[in-house]
Amino acid sequence: MEKRRFYRLDEISDVAPVTKGGLLESVDSGRLPLCAWIDARALCAPLRSRPVLANLFDYCGLAGISS
């Protein structure tokens, strides 16, 4: 497998001595943050103080995922 800056979760066992289940357990226990690559248009962010949406934007990059 070629060297890349990131690998998909299903590919991780091909390039490292770790399993998909082991990685997900580390994420669930809070020892490893989970991130996702996003390339999308017309995203929006909710305001926490009021039940409205604000800030319509395009985004291409990494984003942290949380519960």
Side-chain angles (χ1 to χ4, degrees):
M1 186 170 282
E2 66 184 73
K3 295 248 183 209
R4 299 192 317 230
R5 292 187 65 176
F6 64 91
Y7 292 94
R8 291 175 179 82
L9 191 54
D10 290 327
E11 299 172 327
I12 198 66
S13 294
D14 297 337
V15 295
V18 65
T19 64
K20 178 180 175 179
L23 279 177
L24 292 174
E25 191 277 324
S26 294
V27 170
D28 287 342
S29 66
R31 295 181 313 212
L32 180 69
L34 186 61
C35 298
W37 180 260
I38 297 174
D39 187 358
R41 293 179 177 253
L43 296 173
C44 60
L47 293 177
R48 292 180 187 229
S49 60
R50 294 181 282 162
V52 297
L53 296 176
N55 305 327
L56 187 64
F57 58 95
D58 298 341
Y59 182 75
C60 181
L62 286 176
I65 299 174
S66 67
S67 57

Under a side-chain separation threshold of 4.5 Å, the hydrophobic residues clustered together with Ile38 are Leu43, Phe57, Tyr59
The side chain to side chain contact (heavy atoms under 4.5 Å, CB included) partners of Ala42 (sequence neighbours excluded) come to Leu56
Applied to residues 28-47, the salt bridge (Lys or Arg N to Asp or Glu O under 4.0 Å) test, sequence neighbours excluded, yields Glu25-Arg31, Arg41-Asp58
Residues at least two apart in sequence or cross-chain that pass side chain to side chain contact (heavy atoms under 4.5 Å, CB included) with Arg8, listed by chain then number, are Arg4, Glu11
Members sharing Leu62's hydrophobic cluster, built from side-chain contacts under 4.5 Å between Ile, Leu, Val, Met, Phe, Trp and Tyr, are Trp37
With sequence neighbours left out, the residues meeting side chain to side chain contact (heavy atoms under 4.5 Å, CB included) with Asp10 are Lys20
Residue set satisfying side chain to side chain contact (heavy atoms under 4.5 Å, CB included) with Leu32, at least two apart, ordered chain then number -> Leu23, Ser26, Val27
Taken to the nearest 0.5 Å, the spacing of Asn55 CG from Cys44 SG works out to 9.0 Å
